[in-house]
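A short worksheet on the structure shown next.
Lettering of chains follows the sequences in order, A, B, ..., and the numbering in each one begins at 1. Only heavy atoms go into these numbers, but all of them, side chains included; no hydrogens, no water, no symmetry mates.
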Amino acid sequence: MRVIKATYREDRKSFGAFILSEGMRSVTYDVTKDIAAAARANAPRGDEDDGSHHADKYVAIREAGTLKVERNLRVMCKVVNDDPIALMNEFGNINTKRERTLGRTGALFGDFKPEGGPG
Amino acid sequence: MIDLRPFPSIETAIQAYLLERHIPLEDGMIGGDFRYDPDTMPFYVQINRGPGGRTGQLSGTFVVELEVFGREYLETESVASAIEALVLGYPYVVEADGRKVIIDSVFQNAGVSDLPWGDDSVNRFSAGTYVMTMRRH
């Protein structure tokens, strides 16, 4: 019988290029858009609705650089909201309870999603 | 003192870790509730669990948010930066609820930044948002 030895060697350089590729960014961006849409739906809304409500200002940013996880770089996209009311809503202040709209919404996706969650 | 909400093991572990290090913290100056008193405390560190993670009592993955409240802007910022450096210095072993636990990985999602508080006499800094894994030692 002839013994054939496996000679597989992982190609870390190619995998690194793949994980930082535009294709991977597109997949990440799709999830980011889903999170932004969910945040818009989940944000608390008052009675006022003149088309400029802070809840409508959650947007997905495709080109947000990279994130280092341990020693590995990963593509990063972001959900942002530049409305000061969204800041107060997310972090609270002396007079306002912290709602964590974006934090709670983000936790529904990816590795942290509960059983049956979206994403 | 009456705890208004439970203070789970991950927060107890981080509290113990920060108290035993060189940050000039004492009991009462760090906790899970907002107990900052500008008249008696130079600063106060608040430990919060964020949404997300999969956890048991002493093991799992946790999202932790740390905030520092203080009188002096620069001192508050420097305490927040010192906490960030300490927390990122994983792994570490600490005692929580009578058991030794190891925090064996820490990823930072957001770094030190100042946050509005709505009271000009109080400075508020986020000392970072972290994803941590903890297990029994």
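- A donor-acceptor distance shorter than 3.5 angstrom exists from the side chain of A:Arg25 to the backbone of A:Met76, with no hydrogens or angles considered.
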What's the verdict on ring pair (Phe, Tyr, Trp, His ring centres under 6.0 Å) for B:Tyr36 and B:Trp117, showing C-alpha distance, side-chain angles and the deciding distance?
-> CA-CA 12 Å; B:Tyr36 177 57; B:Trp117 183 240; 8.9 Å; no
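- Counting only heavy atoms from C-beta outward, the side chains of B:Asp114 and B:Glu77 never approach each other to under 4.5 Å.
- Proximity of a side-chain donor or acceptor of A:Tyr29 to a complementary backbone N or O of A:Glu63 within less than 3.5 Å is not detected.
- Interface residue B:Tyr90: only side-chain heavy atoms are found under 4.5 Å from chain A.
- Contact of the A:Arg62 side chain with the A:Glu22 side chain is registered, since non-hydrogen atoms from C-beta on lie closer than 4.5 Å.
- Residues of residues 119-129 of chain B lying under 4.5 angstrom from chain A, judged on non-hydrogen atoms, are B:Asp119, B:Arg124 by number.
- Remark: the A:Thr101 side chain and the A:Asn42 side chain contain no N/O donor-acceptor pair separated by less than 3.5 Å.
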